[in-house]
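Both counts, for ligands and for their atoms, begin at 1 and track the order of listing. Every heavy atom of this structure was used, including side-chain atoms; hydrogens, water molecules and symmetry mates were not.
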Amino acid sequence: MSEPKKIAYVDKDACTSCHLCVDELPEVFVMDPDDLAEVHNPTGAEEDAIQDSIDTCPGECIHWKE
Ligand code: SF4
């Protein structure tokens, strides 16, 4: 039995526009026209790699959807 894929999202209200997540995982994150990060491809990287972005985001604004 396989677990359903976890889906990450960005709480844009807390994003500091540092671009770290986009620099690390452009397969998953992109900056929107307001220079706030968003997830454009939630399955673009392994969960471990996305978890690293969650752990290093200075705004602590990347989360898993429950
Ligand atoms: S790492 Fe966090 S604060 Fe920086 S751009 Fe990405 S979501 Fe925003």
Side-chain angles (χ1 to χ4, degrees):
M1 228 168 51
S2 64
E3 294 284 318
K5 280 256 179 212
K6 288 159 82 178
I7 304 293
Y9 72 97
V10 174
D11 173 8
K12 292 191 183 188
D13 289 341
C15 178
T16 65
S17 306
C18 75
H19 291 219
L20 189 63
C21 57
V22 175
D23 288 345
E24 286 181 346
L25 286 184
E27 309 90 338
V28 175
F29 298 100
V30 69
M31 302 310 289
D32 77 5
D34 294 325
D35 205 32
L36 300 171
E38 64 186 20
V39 173
H40 72 102
N41 182 12
T43 57
E46 295 295 329
E47 278 183 18
D48 284 357
I50 296 174
Q51 184 64 55
D52 280 349
S53 291
I54 290 173
D55 293 342
T56 54
C57 166
E60 296 183 6
C61 52
I62 309 170
H63 307 283
W64 297 113
K65 283 182 188 166
E66 296 299 329

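Between V10 and I62 the shortest side-chain heavy-atom distance falls below 4.5 Å.
Of all non-hydrogen atoms in A49 and L25, the two that sit nearest each other are O-CD1, 3.6 Å. Closest non-hydrogen pair, M31 versus H19, comes out as CE-CD2, 3.6 Å.
Of the protein's non-hydrogen atoms, the one nearest atom 2 (Fe) of ligand 1 is C57 SG, 2.3 Å. Closest to atom 6 (Fe) of ligand 1 among all protein heavy atoms lies C21 SG, 2.3 Å. The protein non-hydrogen atom at the shortest distance from atom 8 (Fe) of ligand 1 is C15 SG, 2.4 Å.
The residues K12 and D34 are annotated as not salt-bridged, no charged nitrogen and carboxylate oxygen being separated by less than 4.0 angstrom.
Less than 4.0 angstrom separates some heavy atom of T16 from each of these atoms of ligand 1: 3 (S), 8 (Fe).
Residue contacts with ligand 1, taken as heavy atom pairs separated by less than 4.0 Å, involve C61 solely via side-chain atoms from C-beta onward. Within the 4.0 Å heavy-atom criterion, the part of I62 lying near ligand 1 is the side chain and not the backbone.
Listed for the S17 side chain is a donor-acceptor partner under 3.5 Å among the backbone atoms of D35.
Atom CD of E60 has 12 or fewer neighbouring heavy atoms from other residues, nucleotides or ligands inside a 6.0 Å radius.
Distance check for H19 against atom 6 (Fe) of ligand 1: none of its N/O/S atoms falls below 2.8 Å. Within the 2.8 Å limit, C18 places at least one N, O or S atom next to atom 4 (Fe) of ligand 1.
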